[in-house]
Amino acid sequence: MIGDESLQTIEHHTVIIVGGGPAGLPLAVVLGGWHPYYRGSRMFRQRYPQLDEGLKALQETLLALDFRGLARSGIPPVDLFRLLHHPRQLFEELAQIALEFRKAPPIDYLLITQEEVGGLWNNVPQNLLTLSPGQWMEFAFYPLAQHIEEQGIDLNVNDLIIKENLINYYHRVPSRFGQTDRIHTHEKVVRIQPHEKGFLLTRKDVGTETTHRYTCKYLVYAVGQPCILRRLDVPGEDLPFVENHYDRPEDFPGERVVVVGGGRSADWAATELYDAGKQVYYVMRQPFEQHWQLISDSRYGLPYYARIAEIIESRSPRFQSLYRSHVHKIEEGPSSGLVTVNHQGAEKVIEVDHVILEIGGVVDYSLFEGFEPLELVKKYDRYRFQLDQVQTHPHNYEVTNIPNLYMGGYLAAGLGLVVIAMHGATYAIAGDILQKEKHISF
Ligand SMILES: Cc1cc2nc3c(=O)[nH]c(=O)nc-3n(C[C@H](O)[C@H](O)[C@H](O)COP(=O)(O)OP(=O)(O)OC[C@H]3O[C@@H](n4cnc5c(N)ncnc54)[C@H](O)[C@@H]3O)c2cc1C
């Protein structure tokens, strides 16, 4: 354990949140003093009369709930807050939300994140649509309907939302809730160690590489999934015409593009590049049946899956899907790039202008040094997201073998890999910290 030897250079906070995405950002607002109260709603009462009965006498904030008791009686806090926020899947009116938020004094916290708030949504393709209605991506204290009303935006919150509108919503949150001063962007935490005060964090400024150290009593690790981008580990992967980020077709001049992947990001890039007139070679490890299953399941609900289904069914020579295939090597040819693909046992060489790798990333747990190892469990979802989640207590999402360390968002074992499924955990984590600190009465 590291001691107090150089305290002058170390800044202390009661809570530090690492990661300012849809998991970390709402936690900043709640720790910043915006506490949920039960106000009930007609819809909530109709659908969940027993919960209404139990909650309506409550005067204090819901952060003071007995989360352990709730979890024991079969109501995980993440689900309770989801039902209070979304008593039905469709949004009709603000009055259906059974929560209201009142301002209380903040606890001393700091949020550190390496890009703007909003997490990976800062970097997804310019025109990417969500998988779910816009209002499923919102925070309970700031319904999307309220945001669009305040900002005069014309948007149906029950429709899928485009990246630009979603990221504008997330970017608005810090100033709208008075938290700008406690949120440090463009800073990357590079190491987390045990300390007599709890945790010692070392962070670097993105760009200047200046380092700074912090201690905190409670740490929320909300770094999301794609911290470390996966690599193909083949020769030529670092050549200049190989990219691991896709934004829009205009960034890829020329005709021929190899897209490597098979998940949703790769589907999106391959479809958009085809529609921009490119010759697309889509290289995937998975068999056709697996890919087609997801496309078929999604094509009647999601327009971009309808589009990729249409393209594949058209058998256009401009869209060649190579299933059960691996990239073997990438090299510079006399007039273009050359990609050698092992396609169902046979070698195939493709001439290309660009290679786009959309092979996802992994959560970075390597920052933790000197702690007991985190207990990891694998999680997959139907859109082929996959990641290692950490074993946590089901009532507060605190890591089972490291007290006062919380896993933000779906890094906690068992939580679903979308915002609507994980947002409720915010209130259990904040409530647990505030209860331990006796910052709220209960
Ligand atoms: C292509 C794609 C489409 C998706 N579509 C949907 C969808 O339609 N609906 C849905 O609900 N979910 C969707 N998801 C899931 C998505 O992960 C969530 O929407 C959400 O972004 C997760 O929030 P998060 O805060 O956990 O992680 P992230 O959004 O990844 O945010 C984490 C933040 O922490 C930062 N960070 C990481 N490491 C450090 C560090 N060491 N120091 C400082 N900062 C750090 C990251 O840079 C990032 O800004 C999609 C994911 C992808 C990849």
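Counting from 1, the numbers follow the sequence of the chain as shown. Bear in mind the structure is a predicted one, so any value in this text is a computation, not a measurement. Computed from heavy atoms alone, side chains included, the values below leave out hydrogens, waters and symmetry copies.
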Side-chain (E237) to main-chain (L232) donor-acceptor, under 3.5 angstrom:
yes

Sub-4.5 Å side-chain heavy-atom contact between Y281 and H343:
no

D238/R231 under salt bridge (Lys or Arg N to Asp or Glu O under 4.0 Å): CA gap, chis, key distance, verdict
CA-CA 10 Å; D238 297 316; R231 289 180 58 85; 3.3 Å; yes

Go through I10 and L200 one step at a time and tell me if the side-chain contact (heavy atoms from CB on, under 4.5 Å) criterion holds.
CA-CA 9 Å; I10 301 183; L200 172 71; 3.9 Å; yes

Is the ring centre of W268 less than 6.0 Å from the ring centre of Y304?
yes

Can you tell me if N404 uses its side chain to pair, donor with acceptor, with the backbone of L219 under 3.5 Å?
no

Where is the tightest heavy-atom contact between K197 and T215, given as atom of each residue plus distance?
CD-OG1, 3.9 Å

Is E164 atom CD crowded by more than 12 heavy atoms from other residues, nucleotides or ligands, each under 6.0 Å away?
no

Considering residues, nucleotides and ligands other than K329, do more than 12 of their heavy atoms fall under 6.0 Å from its NZ?
no

Just by distance, do the side chain of E331 and the backbone of G337 share a donor-acceptor pair under 3.5 Å?
no

Heavy atoms of G263 and Y282 approach each other most closely as O-OH, 3.7 Å

Answer yes when D267 and R264 have at least one side-chain N-carboxylate O distance shorter than 4.0 Å, and no when they do not.
no

Checking E150 against Q146: is there a side-chain donor and acceptor pair closer than 3.5 Å?
yes

How about W34 and F177: are their ring centroids closer than 6.0 Å?
yes

Do T130 side-chain atoms and I161 backbone N/O form a donor-acceptor pair below 3.5 Å?
yes

Just so I know, are the side chains of L144 and F91 near enough to count as touching, which here means a heavy-atom distance under 4.5 Å?
no

If you count the non-hydrogen atoms of other residues, nucleotides and ligands that lie under 6.0 Å from NE2 in H328, is the total more than 12?
no

Considering all heavy atoms, the nearest L160-P303 contact
CD1-CD, 3.8 Å

F368 vs F371 aromatic rings, parallel, tilted or perpendicular, using cut-offs 30° and 60°?
perpendicular

Looking only at atom types and distance, does a side-chain atom of Q193 sit under 3.5 Å from a main-chain N or O of L367, one as donor and one as acceptor?
no

Between the side chains of R203 and Y214, does any donor sit under 3.5 Å from an acceptor?
yes

Are L65 and P77 side-chain neighbours, meaning at least one heavy-atom pair lies under 4.5 Å?
no

For the residue pair H147 and Y169, is the inter-centroid distance of their aromatic rings smaller than 6.0 Å?
yes

Give a yes or no on whether E149 atom CD has more than 12 heavy-atom contacts from other residues, nucleotides or ligands under 6.0 Å away.
no

Is atom CZ of R285 surrounded by more than 12 heavy atoms (other residues, nucleotides or ligands) closer than 6.0 Å?
no

Does the distance from a Lys or Arg side-chain N to an Asp or Glu carboxylate O, for K188 and D364, drop under 4.0 Å?
no

I'd like to know if the side chain of D205 and the backbone of T208 have a donor-acceptor N/O pair within less than 3.5 Å.
no

Donor-acceptor contact present, side-chain K163 to main-chain N122, <3.5 Å:
yes

Between Y109 and A28, is there a donor-acceptor pair closer than 3.5 Å when you use the side chain of the first and the backbone of the second?
yes

Can you confirm whether or not the ring centre of H354 sits under 6.0 Å from the ring centre of F241?
no

Any side-chain heavy-atom pair from E116 and H171 closer than 4.5 angstrom?
yes

Note, Y406 side chain near T392 side chain (heavy atom, < 4.5 Å)
no

Which atom of Y365 lies closest to which atom of D388, heavy atoms considered:
OH-O, 2.7 Å

Using only atom types and a distance under 3.5 Å, with no angle test, would you say the side chain of D353 pairs donor to acceptor with the backbone of E255?
yes

Can any side-chain N or O of K278 pair as donor or acceptor with the backbone N or O of G254 at less than 3.5 Å?
yes

Does either side chain, that of H291 or that of Y323, offer a donor lying less than 3.5 Å from an acceptor on the other one?
yes

Heavy atoms, side chains only, cut-off 4.5 Å: are V418 and Y410 in contact?
no

Please state whether the rings of F67 and F81 are parallel, tilted or perpendicular, taking 30° and 60° as the class boundaries.
tilted

With heavy-atom distances below 4.5 Å as the criterion, would you say the side chains of Y170 and M137 are in contact?
yes

Suppose we call two aromatic rings close when their centres sit under 6.0 Å apart. Are F139 and H423 close by that rule?
yes

Taking the six-membered ring for Trp and the single ring otherwise, decide whether the centroids of H35 and Y37 are under 6.0 Å apart.
no

Which atom pair, heavy atoms only, marks the closest approach of Y246 to E272?
OH-OE1, 2.5 Å

Please state whether the rings of Y427 and F101 are parallel, tilted or perpendicular, taking 30° and 60° as the class boundaries.
tilted

Might you confirm whether atom CD of E100 has over 12 heavy atoms from other residues, nucleotides or ligands at distances under 6.0 Å?
yes

Please check if the number of heavy atoms outside R68 that lie under 6.0 Å from its CZ is greater than 12.
no

Side-chain heavy-atom pair V18, V220 within 4.5 angstrom cut-off:
no

Provide the closest heavy-atom pair for T426 versus L27 in the form atom of the first, atom of the second, distance.
O-CD1, 3.2 Å

Is it the case that over 12 heavy atoms from other parts of the model lie below 6.0 angstrom from the CZ atom of R230?
yes

